[in-house]
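To start, I am sharing the structure in question, which I have written as structure tokens.
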Amino acid sequence: MKTSISILAVILAAQTALFADTDIEGIVRRADALLRTERVHSVSEMIIYRSGKARPAMNVEGYEMNGEDGSMSLTVYRSPAKMKGTAYLMIGDDIWVRFGNTGRIRKLSSSAKKNSAGGSDFSYNDMNDTSQGLSEKYSPSLLDDNTSVDGAVCYKVQFSAITGKETPYEKLVCYITKDDYRYVKIEYFENSGHIKTLTLSDWRKEGDRSYPYLITMHSHTSPSYTEYRIVSITFDSPLVTERLFTQTYLGQIK
């Protein structure tokens, strides 16, 4: 037993020395910077697949910007008819939902933020984390600096919750490309189990930055996955103003 512990200690020490010169926090900051957005307007299509069968596509309009209380986003469902007018507003860690069928607005509790957004495999928390990056809520550590994902050489990074920060998952394992610092896969863990996987693909050049046009969440607890495909996106859009990120505006959505 002592010999096994000694061997393990040597392996861990060697791994620590190997990665000591890697600026993992710098790598994560560069990856997060591609996802962080300012005054962005987007139109997207979301399709949920259950047991391999596609449900009717949902058309979604999104607005994002940064404010005094942190990141702000407004997501509005435009179709199909049963989802039309449903919307959710996120300001920092606070989330309000407007139900399209009743027009009622409800602020979600902390526990409800883990719930499905629009019946999809994304939670409300996932939508916010994906658009703003992970470095503010999680502490990164390098697991491997030469992992291959779909032919791309990647850093394999584990994200652990920062003490005092509210995080929805026990840990995340992320894959960041070494050549251009893009997140290509994020694995989510809860209660020691791998519960779902996010893939970011179809990266396209928009001005001086790249952005993923296809974001897919695969569940590992049910036979389902959800595709979130961007139809159009505008950075520094004049359509995005602070008045959108209020409960007053949320109540005016048709």
Side-chain angles (χ1 to χ4, degrees), residues 11-12 14-37 44 46-47 49 71 114 117 120-123 125-162 165 167-206 208-230 233:
I11 292 173
L12 291 175
Q15 185 182 54
T16 300
L18 179 64
F19 296 148
D21 293 332
T22 302
D23 180 13
I24 186 59
E25 292 186 356
I27 291 167
V28 170
R29 282 195 299 271
R30 293 185 66 171
D32 280 354
L34 294 178
L35 299 181
R36 288 200 180 101
T37 52
S44 304
M46 185 162 68
I47 303 177
Y49 294 83
S71 62
K114 294 184 178 182
S120 72
D121 295 287
F122 293 89
S123 70
N125 272 311
D126 295 338
M127 302 294 280
N128 192 47
D129 286 344
T130 302
S131 65
Q132 293 301 319
L134 301 171
S135 56
E136 291 184 4
K137 292 186 177 181
Y138 296 90
S139 176
S141 58
L142 186 61
L143 299 179
D144 193 350
D145 67 351
N146 192 32
T147 298
S148 179
V149 176
D150 295 330
V153 180
C154 299
Y155 297 104
K156 183 179 180 180
V157 182
Q158 178 172 301
F159 286 84
S160 303
I162 297 175
K165 290 277 188 179
T167 56
Y169 300 102
E170 175 184 312
K171 69 175 182 179
L172 309 176
V173 175
C174 303
Y175 300 80
I176 301 171
T177 56
K178 295 188 72 171
D179 59 347
D180 50 11
Y181 302 95
R182 293 179 287 114
Y183 284 106
V184 291
K185 183 166 69 172
I186 302 175
E187 298 170 340
Y188 298 78
F189 292 81
E190 194 172 72
N191 298 323
S192 300
H194 180 191
I195 60 171
K196 53 189 177 180
T197 297
L198 183 77
T199 57
L200 300 94
S201 57
D202 192 14
W203 286 78
R204 303 182 191 179
K205 196 74 173 178
E206 293 292 341
D208 59 352
R209 69 186 297 163
S210 295
Y211 201 79
Y213 270 61
L214 178 60
I215 301 174
T216 307
M217 184 69 85
H218 290 262
S219 171
H220 299 309
T221 59
S222 63
S224 65
Y225 67 95
T226 301
E227 290 183 346
Y228 194 91
R229 183 178 292 278
I230 291 177
I233 188 167

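The residues of the chain are indexed from 1 along the displayed sequence. Model, not experiment: these values are computed from the prediction.
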(request) Apply side-chain contact (heavy atoms from CB on, under 4.5 Å) to Ala152 and list each qualifying residue two or more places apart in sequence or on a separate chain. (result)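 Scan of Ala152 (side-chain contact (heavy atoms from CB on, under 4.5 Å), adjacent residues dropped) gives Cys154, Thr177.
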
(message) With a 4.5 Å cut-off on side-chain heavy atoms, are Ile233 and Tyr213 touching?
(response)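 Yes; the side chains approach each other to less than 4.5 Å.
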
(request) Starting at SG of Cys174, measure out to OH of Tyr188 and round the result to the nearest 0.5 Å. (result)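 Separation between the atoms: 7.5 Å.
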
(message) With rounding to the nearest 0.5 angstrom, report the CZ to CG distance, Arg229 to Asp202.
(response)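 The CZ atom of Arg229 sits 6.0 Å away from the CG atom of Asp202.
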
(message) Using side-chain heavy atoms (C-beta onward) and a distance below 4.5 Å, is Tyr228 in contact with Met217?
(response)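 No. Closest side-chain heavy atoms not under 4.5 Å.
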
(request) Go through the structure and list residues passing side-chain contact (heavy atoms from CB on, under 4.5 Å) with Leu34, not counting sequence neighbours. (result)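 Partners of Leu34 under the side-chain contact (heavy atoms from CB on, under 4.5 Å) test: Arg182, Trp203.
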
(message) The test is side-chain contact (heavy atoms from CB on, under 4.5 Å); show your working for Val149 and Lys156 and say whether it passes.
(response) CA-CA 10 Å; Val149 176; Lys156 183 179 180 180; over 6 Å; no

(request) Could you verify whether a donor N or O on one side chain and an acceptor N or O on the other, from Tyr175 and Asp144, lie under 3.5 Å apart? (result)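 No, no side-chain donor-acceptor pair sits under 3.5 Å.
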
(request) Considering non-hydrogen atoms only, spot the tightest contact between Glu190 and Lys114 and give its length. (result)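 Closest approach of Glu190 to Lys114, heavy atoms only: OE2-NZ, 3.6 Å.
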
(message) With a 4.5 Å cut-off on side-chain heavy atoms, are Asp179 and Val153 touching?
(response)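 Heavy-atom side-chain distance check fails, nothing below 4.5 Å.
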
(message) With rounding to the nearest 0.5 angstrom, report the OG1 to CD1 distance, Thr197 to Ile186.
(response)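 Result: 10.0 Å between the selected atoms.
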
(request) Go through the structure and list residues passing salt bridge (Lys or Arg N to Asp or Glu O under 4.0 Å) with Glu227, not counting sequence neighbours. (result)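 With neighbours one apart ignored, the set is empty.
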
(request) Output the distance between atom OH (Tyr138) and atom OG (Ser160), rounded to the nearest 0.5 Å. (result)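 Tyr138 OH to Ser160 OG: 9.5 Å, rounded to 0.5 Å.
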
(message) For a 4.5 angstrom cut-off between non-hydrogen side-chain atoms, does Phe159 reach Tyr169?
(response)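 No, their side chains stay 4.5 Å or more apart.
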
(request) Can you sort out the partners of Arg30 under side-chain contact (heavy atoms from CB on, under 4.5 Å), two or more places apart, ordered by chain and number? (result)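 Only Tyr181 meet the side-chain contact (heavy atoms from CB on, under 4.5 Å) criterion with Arg30.
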
(message) So Val157 and Leu142, do their side chains get closer than 4.5 Å, heavy atoms only?
(response)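 They are in side-chain contact.
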
(request) For Lys178, enumerate each residue passing the salt bridge (Lys or Arg N to Asp or Glu O under 4.0 Å) test, keeping only those at least two apart in sequence or located in another chain. (result)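 Lys178: no salt bridge (Lys or Arg N to Asp or Glu O under 4.0 Å) contacts found.
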
(message) Restricting to non-hydrogen atoms, name the atom on Glu170 and the atom on Ser192 that form the minimum distance, rounded to 0.1 Å.
(response)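 What the structure gives for the nearest pair is OE1-N, 2.8 Å.
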
(message) Run the salt bridge (Lys or Arg N to Asp or Glu O under 4.0 Å) test on Asp150 and Lys185 for me, step by step, so that the C-alpha distance in whole Å, both residues' side-chain angles and the decisive distance to 0.1 Å come before the verdict.
(response) CA-CA 10 Å; Asp150 295 330; Lys185 183 166 69 172; over 6 Å; no

(request) Output, in order, the C-alpha distance, side-chain angles, deciding distance and verdict of side-chain contact (heavy atoms from CB on, under 4.5 Å) for Ile176 and Ile27. (result) CA-CA 8 Å; Ile176 301 171; Ile27 291 167; 4.2 Å; yes

(request) To the nearest 0.5 angstrom, please state how far the OH atom of Tyr225 sits from the CD1 atom of Ile47. (result)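 Nearest 0.5 Å value for the OH-CD1 distance: 9.0 Å.
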
(message) Could you check whether any side-chain N or O of Thr226 sits under 3.5 Å from a backbone N or O of Asp121, counting only pairs where one atom can act as donor and the other as acceptor?
(response)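 Yes, because the side chain of Thr226 sits within donor-acceptor range (under 3.5 Å) of the backbone of Asp121.
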
(message) Keeping Asp32 on the side-chain end and Arg29 on the backbone end, is there a donor-acceptor pair under 3.5 Å?
(response)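 It does not hold such a pair.
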
(message) Testing the basics here: between Glu187 and His194, what is the closest heavy-atom pair and its distance to 0.1 Å?
(response)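 For Glu187 and His194, the tightest heavy-atom pair comes out as CB-NE2, 3.5 Å.
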
(request) Determine, stepwise, if the pair Arg204 / Ile230 fulfils side-chain contact (heavy atoms from CB on, under 4.5 Å). (result) CA-CA 11 Å; Arg204 303 182 191 179; Ile230 291 177; over 6 Å; no

(request) Could you tell me whether the side chain of Gln158 reaches within less than 4.5 Å of the side chain of Phe189, counting heavy atoms only? (result)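 The answer is no; the side chains never approach within 4.5 Å.
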
(message) Could you report the tightest heavy-atom contact between Ser123 and Lys196, atom names first, then the distance?
(response)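 Shortest heavy-atom separation between Ser123 and Lys196 comes out as N-NZ, 4.1 Å.
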
(request) Please name all residues satisfying side-chain contact (heavy atoms from CB on, under 4.5 Å) with Ser201, sequence neighbours left out, ordered by chain then number. (result)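 Scan of Ser201 (side-chain contact (heavy atoms from CB on, under 4.5 Å), adjacent residues dropped) gives Leu214.
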
